[in-house]
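Numbering starts at 1 and runs along the sequence shown. Any value given below was found using the heavy atoms of this structure, including those in side chains, with hydrogens, waters and symmetry copies removed.
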Amino acid sequence: MNPFIDGISSLLDVSMLLYMGVGLVLGFMVGAFPGITATMAVALAAGFTMTLEPVQGLAVMLTIYVAANFGDRVPSILINTPGTPASIATTLDGYPMAKQGRAGLALTISAIVSAVGILASLVLFSIAAVPIANFARDYFKSPELFALVVFGIAIMIGISSKSMLKGILAGLFGLMLGTVGTYAATGDKRFTFGVLELVEGVNFIAVIIGLFGIAELFDQLLTHRASRQRPISSLGRWWPNRSELKQSGRATAVGGAVGLGVGLIPAAGGDIAGLIGWERARKASKKPQLFGKGSIEGVAAADTASSATLGGSLTTTMALGIPGDSVMAVMIGSMIIWGITPGPTLFTNRPDLVVSIVGIMLIATLLSLALSLVRMKGMVKLLDVPPQYLWSGILIFCIIGTYATSNSISTVVTMLVFGVVGVLLKRMAVPAGPVVLGLLLGPLAEENLARTMAILPTRPFFEVVSPIAIVLLALAVLSIVMPAIRAARKPRDQRAAFEDSVLGTDSITQITKAHDELAAQPDLLTSTVRTPTPEPRRRLPRRNSKENKK
């Protein structure tokens, strides 16, 4: 009982409200501005939280993580542009609802089901994390840990890119970066090229901010085009009635179940869960023909599924030490800098910290829900902020945050170099996720492989390598080989990413059709949406009166 009391008491400090408030505002703004991902914001915040206590730093980063899942629905619904990848599926029905004058209703339903999904995922974490950690602590030795890391990297390679070869190259590049520096087993310096700053390895925070922050900034600078499109500001009715809540109930349950399952898969994010949840809800719905045309069930299913992945991602991160997504990869890097190692031993050494993490996410979810239901007109006005101001602010904070991690200009140079590398990766459609995972987990895999190889000559093979390790390695191979085989059998123009391979053909067709229909009607992106009937009643008398005066 003491760890529970200690974990809760650490949240009762008044300063915690300040840190969570900062994270709440940043998270909403990050979600509301298209192109700025939660990973970028958390990586940037990591540079400023290194001097804080672990609980305080986690309060900022976890609140950003949660709040971004609420804020990113705003641009998805109002301008048909996902705030973060997790809200891709929200555009399928959220924007059509906004065109019909029901934007406020879509925003409210989205906020409610997002909170339901996150709270359900926290229940999953509370139930599953301890048994998984205990099992891993008892049965996962060096061979199993090596196999687990390989499996996690293989899964991310398989789901991050339409081209398996590009995903593998990204993973290998990340593993190569992980070998730079001093080898812990022998003390040898590798790939440092006489540069003193590389003796301790490549700075993880600099790489993260470069690949996800500076790269996105440079990419937007290179591809920016002036646009006259403005967000829909006529939000209409906000609160759903009883029949609408009942209608979205089944879709919420289906989406939540999908999100909880997908979240437990390492590296599978909310974008995949949202699309799969939307499809499963459409098949379970009594009115599937309305999906993609402004169905409240579609919004509920997509947002519940994408939000419910947070707890599953947290479970694999804290219980196994394998990041569930790119945000959790940044979390692991920050925790390691604080001297905390995520994994099975965390529940034994720092159970109070685990309690604090759950409490932070619970409070952040409730605060985000309350803020989402305030009907803030300011959230809509944020979408009109000129991107030039946003870009300059991001660049300044990226430089300051990166410099703060080491007080060295070389770290800032590393960040800018990886920003350029990130732009090149984007141009070549090479995913950045496997690079980050390879950099983070490569040293862990290498260390456990070295231990395994040292033990093997002295003992029988199957006494050292358990069936668990063999199964994980087999799954890792299958996760790369099977999608490659399936893709090779299809024509080149029909090869798709992981989320497309698990969706039905009719669902893919409907998603594509919905996006095409919306893209073909840019005139509907106006500052006000009116119904066809009232317009002539208001305007015709005014025109006639003007003519009579003339």
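- Using a 4.5 Å heavy-atom threshold, the side chains of Ile77 and Tyr95 count as separate.
- No hydrogens or angles considered: nothing links the side chains of Asn69 and Ser114 as a donor-acceptor pair under 3.5 Å.
- Taking 4.5 Å as the limit, every side-chain heavy atom of Arg242 sits out of range of all side-chain heavy atoms of Lys246.
- Among all heavy-atom pairs drawn from Leu62 and Met328, the shortest one is CD2-CE, 4.3 Å.
- Trp338 has its side chain within reach of Thr49: a pair of non-hydrogen atoms, C-beta onward, lies under 4.5 Å apart.
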Worked verdict on Val327 versus Ile64 for side chain to side chain contact (heavy atoms under 4.5 Å, CB included)
CA-CA 10 Å; Val327 174; Ile64 292 175; over 6 Å; no

Tell me, with the steps shown, if Asp352 and Ser10 meet side chain to side chain contact (heavy atoms under 4.5 Å, CB included).
CA-CA 9 Å; Asp352 58 313; Ser10 65; over 6 Å; no

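- A 4.5 Å side-chain heavy-atom check between Val55 and Tyr19 finds every atom pair outside the cut-off.
- Not one N or O on the side chain of Arg137 forms a donor-acceptor pair closer than 3.5 Å with the backbone of Phe347.
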Pair Arg250, Ser285 - check side chain to side chain donor-acceptor pair (under 3.5 Å), show working.
CA-CA 8 Å; Arg250 177 183 295 182; Ser285 174; over 6 Å; no

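- Side-chain contact check for Asp303 and Ser110: at least one donor-acceptor pair (N or O, by modelled atom type) lies under 3.5 Å.
- With a 4.5 Å cut-off on side-chain heavy atoms, Met361 and Leu310 count as touching.
- Two residues are said to be in side-chain contact when any heavy atoms from C-beta on lie closer than 4.5 Å; Val354 and Phe125 meet this criterion.
- Between Met415 and Val207, every side-chain heavy-atom pair lies at or beyond the 4.5 Å cut-off.
- No hydrogens or angles considered: nothing links the side chains of Ser248 and Glu297 as a donor-acceptor pair under 3.5 Å.
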Evaluate Ile332 against Phe204 for side chain to side chain contact (heavy atoms under 4.5 Å, CB included), listing each step before the verdict.
CA-CA 10 Å; Ile332 288 182; Phe204 178 75; over 6 Å; no

Applying side chain to side chain contact (heavy atoms under 4.5 Å, CB included) to Ile214 and Val423, what does each step give before you reach the verdict?
CA-CA 9 Å; Ile214 298 297; Val423 173; over 6 Å; no

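- Taking the side chain as every heavy atom from C-beta outward, Val25 and Leu371 never approach each other to under 4.5 Å.
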